[in-house]
Structures are given as C-alpha cells and as structure tokens.
Amino acid sequence: MRILLLTLAFVLGCGKTPEESDAMEKGASIRLKNFSRKSFTTDGVEEWDLASKDAYIFRQGEKESRIIAYNLNFQQFEKGRKTGLVTAERGEIDYENRILHLSGKVEFKDSERHVKSEQLTYNMNEKILETKESVVLVEAGSTTHCRRGITVNRETNVQVCRSPAIVRIQRSNGGFEEL
C-alpha cells in the first residue's frame with residue numbers, strides 16, 4: 001500500500017509545470033539583484049563605483065569575462081573626486097578590454113558636458129565615449145544635436161560631433177537664441 005501511495009505521489013508531483021524564470025540574460029553564471037561593485041587602485045583610491053538593479057555575470061574558467069547590468073549607474077573617480085557619471089537601461093561590461101557597451105536612455109555627465117543617446121560605448125582605458133547613433137549634447141549653455149554620433153576624448157577634452165543640427169545658446173534672461 002505504501003509503495004502504491006509513493007508511486008502515486010511521485011506521478012502527481014511530476015505533472016507540475018516548472019516555474020518560469022524572469023532572467024533577462026540566458027547563459028549567465030550568476031544573477032544578482034541590487035548589484036554594486038567598487039574598484040580601487042593599489043594604493044586604495046576609488047576608481048569607479050557600479051550599481052544596478054539586476055546583474056548577470058558571465059565567467060570563462062575562473063575569471064569573470066563580462067557583466068550585463070540593467071538600470072546601470074556607473075560613477076568614475078579621479079584622485080578621490082567624482083569625474084563622470086554614466087546611466088543606462090542596459091550595460092555590458094567587457095572586463096578584458098575595459099569597455100562599456102551601453103543602450104537604452106544612455107546619459108553621460110561630467111563637469112564639461114551632458115550627453116544623451118540610445119547607444120554609447122565607453123572605453124575606460126582611453127576615456128573615449130563614442131556612438132554613431134543620434135546624440136544630444138549639452139555644454140556651456142548650448143544644445144547640439146549630433147545626428148550621426150559623437151566621439152568624446154575625456155583625456156584631451158576633444159570632441160567630434162558628426163552632422164550637427166539645432167544649436168541653441170541660452171541667453172542670460174533664460175530664453176534661447178537659435179543659430
């Protein structure tokens with residue numbers, strides 16, 4: 001009788017449908033909610049601070065190869081002071097090459113400029129922001145629409161706006177002057 005009941009319980013238990021996963025990235029080694037990570041130099045000075053709502057860590061062997069983060073917030077530091085903030089709906093961090101691939105309402109802010117786009121790549125080694133997508137660039141009271149993308153070298157403070165349009169300069173009375 002016990003064997004019959006155990007067999008019946010086993011058969012009924014196998015009929016349940018598995019729970020659906022809400023994971024947005026398949027094949028990840030680890031999934032973390034409310035993820036944060038900080039990076040420091042060898043002498044203890046903070047380099048960057050990364051936070052996200054959801055993070056998926058991919059590994060190759062014993063090393064992390066990349067992280068895909070949703071609702072990403074990436075703050076950079078230089079000599080202990082904040083130098084740049086990147087936010088995006090989705091970001092892929094390539095650890096080997098130290099490159100951020102960002103998409104979905106991407107914004108970059110530093111003391112010089114505010115860049116908005118749907119896609120942006122940031123090379124952390126060379127401190128270069130780049131995209132071929134449409135960009136809105138706000139700096140020094142002016143707004144420029146770079147229709148075919150932008151390249152910003154944060155190290156040399158040189159930027160290239162491809163196919164610029166709609167440049168507005170803010171007047172002292174709060175209005176804008178069209179150029």
Side-chain angles (χ1 to χ4, degrees), residues 9-111 113-138 146 148-155 159 162:
F10 178 75
V11 171
L12 292 174
C14 290
K16 291 184 179 178
T17 58
E19 287 186 32
E20 290 293 317
S21 172
D22 63 343
M24 293 188 256
E25 298 294 330
K26 304 296 182 209
S29 303
I30 302 169
R31 178 186 180 189
L32 300 168
K33 296 238 182 220
N34 300 319
F35 173 76
S36 68
R37 177 173 281 177
K38 294 178 184 279
S39 175
F40 295 89
T41 62
T42 54
D43 55 345
V45 178
E46 191 170 14
E47 289 182 300
W48 51 262
D49 184 3
L50 171 71
S52 73
K53 183 179 175 187
D54 255 339
Y56 299 86
I57 299 174
F58 294 82
R59 300 177 63 89
Q60 285 183 336
E62 295 298 314
K63 294 176 74 177
E64 293 176 2
S65 59
R66 66 188 173 117
I67 293 177
I68 296 178
Y70 288 87
N71 296 323
L72 173 113
N73 188 326
F74 179 78
Q75 177 73 62
Q76 277 194 295
F77 297 88
E78 204 166 289
K79 297 178 184 167
R81 66 180 186 87
K82 295 178 181 180
T83 58
L85 173 66
V86 177
T87 59
E89 288 179 351
R90 183 183 187 275
E92 183 173 335
I93 301 116
D94 177 347
Y95 269 95
E96 187 175 330
N97 299 309
R98 293 183 41 98
I99 296 175
L100 295 174
H101 300 281
L102 307 156
S103 60
K105 294 184 183 170
V106 180
E107 291 191 40
F108 170 81
K109 295 178 188 174
D110 66 8
S111 61
R113 67 194 60 83
H114 184 175
V115 177
K116 297 180 197 179
S117 183
E118 285 298 311
Q119 182 180 357
L120 194 65
T121 300
Y122 181 56
N123 184 318
M124 291 186 278
N125 290 332
E126 298 175 16
K127 296 185 178 178
I128 295 176
L129 293 159
E130 190 165 33
T131 185
K132 294 185 191 292
E133 302 294 320
S134 175
V135 172
V136 173
L137 170 66
V138 179
C146 306
R148 292 188 321 154
I150 195 169
T151 300
V152 177
N153 186 326
R154 295 187 59 225
E155 192 75 32
Q159 60 193 28
R162 292 183 282 283

Student: Would you say T83 and D110 make side-chain contact, with heavy atoms under 4.5 Å?
Tutor: no

Student: From S111 OG over to K82 NZ, what is the distance, rounded to the nearest 0.5 angstrom?
Tutor: 13.5 Å

Student: Under 4.5 Å between any side-chain heavy atoms of T151 and R162, yes or no?
Tutor: yes

Student: CD1 of I67 to CD1 of I57: how many Å apart, nearest 0.5 Å?
Tutor: 4.5 Å

Student: With side chains defined as the heavy atoms from C-beta onward, is the minimum distance between L72 and I93 less than 4.5 Å?
Tutor: yes

Student: Name the one of K127, R98, R154 that satisfies side chain to side chain donor-acceptor pair (under 3.5 Å) with Y122?
Tutor: R154

Student: Do you know the tightest heavy-atom contact between Q159 and V152?
Tutor: CB-CG2, 3.8 Å

Student: What distance do I30 atom CD1 and R59 atom CZ have between them, rounded to the nearest 0.5 Å?
Tutor: 5.5 Å

Student: For a 4.5 angstrom cut-off between non-hydrogen side-chain atoms, does F108 reach V106?
Tutor: no

Student: Is there side-chain contact between F77 and V45, with at least one heavy-atom pair below 4.5 Å?
Tutor: no

Student: Crowded around Q60 CD? As in, over 12 foreign heavy atoms under 6.0 Å?
Tutor: no

Student: Quick one: does K105's side chain get under 4.5 Å of E118's, heavy atoms only?
Tutor: yes

Student: So, do L129 and I150 sit near enough that their side-chain heavy atoms are less than 4.5 Å apart?
Tutor: no

Student: Taking E107 for the side chain and A88 for the main chain, is one N or O donor matched with an acceptor at less than 3.5 Å?
Tutor: no

Student: Taking the inter-plane angle between the rings of Y56 and Y70 on a 0 to 90° scale, is it parallel (under 30°), tilted (30 to 60°) or perpendicular (over 60°)?
Tutor: perpendicular

Student: Taking the basic N atoms (NZ, or NE/NH1/NH2) and the acidic carboxylate oxygens, is any pair closer than 4.0 Å for K38 and D49?
Tutor: yes

Student: Taking all non-hydrogen atoms of both residues, which atom of N97 and which atom of N125 are closest, and how far apart?
Tutor: O-ND2, 3.7 Å

Student: Is the shortest heavy-atom distance from the side chain of E126 to the side chain of E155 under 4.5 Å?
Tutor: no

Student: Nearest 0.5 angstrom please: L120 CG to H101 NE2, how far?
Tutor: 11.0 Å

Student: Could you grab the distance from atom NZ of K132 to atom OG of S117, nearest 0.5 Å is fine?
Tutor: 12.5 Å

Student: Between CZ of F74 and CG of L85, what distance do you get to the nearest 0.5 Å?
Tutor: 10.0 Å

